[in-house]
Amino acid sequence: MTDLQAIVDDIHRELAPRFGEGKVADYIPQLARVDPKQFGMAVVTVDGAVHLAGEAEKAFSIQSISKVFTLTIALGKHGEAIWNRVGREPSGSAFNSIVQLEHEHGKPRNPFINAGAIAITDLVLAGHTPKEAIGEVLRFMRFLADEEDIVIDRDVAQSEQATGYRNFALANFMRSFEKLSHPVEHVLGVYFHQCAIAMSCRQLARAGLFLAASGTNPLTGHRVVSHMRARRINALMLTCGHYDGSGDFAYHVGLPGKSGVGGGILAVAPGKASVAVWSPGLNRNGNSLLGSIALEMLANRTGWSVFAA
Ligand code: GLU
C-alpha cells in the first residue's frame with residue numbers, strides 16, 4: 001500500500017532547499033509582500049484520509065482557483081447554456097490577453113482565462129445583487145470545505161479593484177460586444193472578491209474533493225454535481241487550468257489542475273484524491289513553480305495520472 005504521508009513528507013523535505021524560488025506576484029502589495037519561502041501541501045483521499053505537509057493550514061489568496069468554483073455555480077444555474085458565452089478551448093496566450101478577445105468578438109476562449117472567468121461571474125450574478133453573489137460564492141466554498149471560517153481578504157479585493165485596469169478593459173470590451181449582462185463594476189466587484197477568498201491547502205483540497213469523487217463529496221455525502229459534470233469540469237481544468245502552461249502541466253503532472261497567482265494549485269486525481277499545494281513563487285507562465293514540481297513528484301510517486309491505468 002502507498003504510504004501517502006511518507007510521500008508528502010518526502011516531497012516537502014526534498015523541496016525545502018528550493019523554497020523561495022520563483023517570482024511572487026507583485027501587481028498588488030498584499031501579494032507582493034507574501035514571504036516566498038512558504039510551502040504547504042494537502043492530500044485528501046476519497047475515503048477521507050488527510051495528509052498534510054509544511055504550511056498546509058495557512059490561508060492564502062486562492063485567486064484564479066476560485067474560477068473552478070464559480071464555473072460550478074454557473075453550470076448549476078444555467079446548465080450547458082453557459083457555452084454560448086464562453087468557449088472550451090485552451091487559449092495558448094496569457095491569462096489576461098485582450099488580443100484574442102477581439103479576434104473572437106468578445107467570446108472568451110475558456111472559463112479559466114480572466115475574460116472567461118469574468119463572463120462566468122456575470123452568469124453567477126444573474127438574479128442577485130453583487131453582495132448576494134459574493135455571499136453565494138463564499139457560502140459555496142464553506143459548504144464544500146465543510147468549514148465556516150473561510151473568509152474573503154477585503155484588502156486584497158480592494159487592491160485588485162484599485163489596480164485592475166486590464167480586467168476592467170476586458171470586461172468593458174465584452175460589454176461592448178454585449179457579452180455581459182450586468183454593469184462592469186458589478187461583475188468585477190464580484191470577480192475581485194471571489195479571487196480574494198483566503199483558504200488553506202487543507203480547506204482547498206477538501207473543497208475540491210467532489211471533483212475526485214464523481215461529483216459527490218464523499219465526506220459529507222452531498223451530491224454537488226452529476227458524475228458527467230464533474231468529468232467535464234476536470235476536462236476543462238486539464239486543458240485550460242494553467243493558462244498557456246496547461247500543456248506543460250498535463251505533460252509533467254497528468255492530472256486536472258487549476259492554479260492561481262497567489263501560488264496555489266488545486267489538482268484532482270479522479271477516484272483517488274484531491275490535492276492542494278501552495279508556494280508563492282511563480283514560474284514564467286504565472287503558475288506556482290514549486291507547487292507544479294511538488295505535484296509532478298506526487299504523481300510520479302503515486303502513479304496517479306488520467307493518462308495511464
Ligand atoms: N485576480 C487575478 C486577476 O484577475 C487572478 C489571476 C490569477 O490568479 O491567475 O488578475
Side-chain angles (χ1 to χ4, degrees), residues 1-22 35-60 62 65 68 141 144-147 149-150 198-214 216-222 230 234 237-238 241 249 252-260 262-281 287-309:
M1 214 184 81
T2 319
D3 184 346
L4 272 175
Q5 187 61 50
I7 291 176
V8 167
D9 287 338
D10 285 350
I11 293 171
H12 178 233
R13 199 186 50 250
E14 288 168 37
L15 284 180
R18 301 183 61 180
F19 288 174
E21 279 187 25
D35 175 4
K37 287 196 153 36
Q38 303 180 90
F39 176 91
M41 187 165 195
V43 178
V44 180
T45 62
V46 291
D47 49 18
V50 179
H51 304 283
L52 308 178
E55 282 156 294
E57 298 279 5
K58 186 161 178 190
F60 61 89
I62 68 168
I65 303 171
V68 173
M141 298 314 298
L144 290 176
D146 201 23
E147 273 186 42
D149 64 349
I150 296 168
M199 291 171 78
S200 69
C201 287
R202 186 179 55 74
Q203 290 170 329
L204 199 54
R206 282 181 61 130
L209 198 55
F210 75 99
L211 292 170
S214 302
T216 297
N217 182 330
L219 305 185
T220 59
H222 291 133
N234 286 337
M237 287 171 75
L238 184 85
F249 187 82
H252 285 286
V253 180
L255 298 173
K258 181 73 203 87
S259 68
I265 304 177
L266 171 67
V268 176
K272 310 273 195 243
S274 170
V275 185
V277 282
W278 172 56
S279 177
N287 302 311
S288 174
L289 189 129
L290 294 184
S292 308
I293 295 172
L295 287 169
E296 181 174 3
M297 292 163 88
L298 180 73
N300 286 342
R301 292 172 195 195
T302 54
W304 294 345
S305 167
V306 294
F307 299 109

Original post:
Hey, is the main chain of Leu211 close enough, under 3.5 Å, to the side chain of Asn234 for a donor-acceptor pair?
Top reply: yes

**OP:** Decide yes or no for Arg206 and Val50: does some side-chain heavy atom of the first lie under 4.5 Å from some side-chain heavy atom of the second?
**Re:** no

**OP:** State, to 0.1 Å, how close Leu4 and Thr45 come at their nearest heavy-atom pair, and which atoms those are.
**Re:** CD1-CG2, 3.4 Å

**OP:** Could you pull out the closest heavy-atom pair between Ser292 and Asn287, with the gap in Å?
**Re:** OG-CB, 4.4 Å

**OP:** Could you tell me the separation between the CG atom of Leu290 and the CE atom of Met297, rounded to the nearest 0.5 Å?
**Re:** 9.5 Å

Original post:
Of Val46, Asp146, Leu209, which meets side chain to side chain contact (heavy atoms under 4.5 Å, CB included) against Leu219?
Top reply: Leu209

Original post:
With respect to Val277, which candidate in Leu15, Leu266, Ile265, Val43 satisfies the side chain to side chain contact (heavy atoms under 4.5 Å, CB included) definition?
Top reply: Ile265

**OP:** Output the distance between atom CE (Met237) and atom CG (Leu255), rounded to the nearest 0.5 Å.
**Re:** 9.5 Å

Original post:
Has the side chain of Ser288 got a donor or acceptor atom that lies under 3.5 Å from a matching backbone atom of Ser279?
Top reply: yes

**OP:** Supply the atom-to-atom distance Leu204 CG to Lys258 NZ, rounded to the nearest 0.5 angstrom.
**Re:** 11.5 Å

**OP:** Keeping to residues at least two apart or across chains, list the side chain to side chain donor-acceptor pair (under 3.5 Å) pairs with something in residues 299-309.
**Re:** Glu14-Arg301

Subject >> Nearest non-hydrogen partners of Pro256 and Val306, listed with the distance >> reply: CD-CG1, 3.7 Å

Original post:
If every non-hydrogen atom of Met41 is compared with every non-hydrogen atom of Cys201, which pair is closest and at what distance?
Top reply: N-SG, 4.0 Å

**OP:** Can you sort out the partners of Ala59 under side chain to side chain contact (heavy atoms under 4.5 Å, CB included), two or more places apart, ordered by chain and number?
**Re:** Ala198

**OP:** Working to the nearest 0.5 Å, report the span between CD1 of Ile293 and CG of Leu298.
**Re:** 14.0 Å

**OP:** List for me each residue that meets ring-ring contact (aromatic ring centres under 6.0 Å, His included) alongside His51, sequence neighbours excluded, and say none if there are none.
**Re:** none

Original post:
So how far is it from Leu238 CG to Phe307 CZ, rounded to the nearest 0.5 Å?
Top reply: 4.5 Å

**OP:** First locate atom CD1 of Ile62, then atom OG of Ser200, and finally report the distance between them rounded to the nearest 0.5 Å.
**Re:** 11.0 Å

Atom pairs and distances, donor-acceptor, side-chain atoms in residues 267-275, under 3.5 Å, two or more places apart:
{"unit_1": "Ser274", "atom_1": "OG", "unit_2": "Ala205", "atom_2": "O", "d": "2.7"}

Subject >> Distance-minimising heavy-atom pair for Val8 and Ala53 >> reply: CG1-CB, 3.2 Å

**OP:** Taking all non-hydrogen atoms of both residues into account, name the closest pair between Ser214 and Ala230 and its distance.
**Re:** C-CB, 3.9 Å

**OP:** Could you pull out all residues at least two apart from Arg202 that satisfy salt bridge (Lys or Arg N to Asp or Glu O under 4.0 Å)?
**Re:** Glu57, Glu147

Subject >> Pairing residues for Gln38 by the side chain to side chain contact (heavy atoms under 4.5 Å, CB included) criterion, not counting sequence neighbours >> reply: Val34, Asp35, Glu55, Lys58, Trp278, Pro280

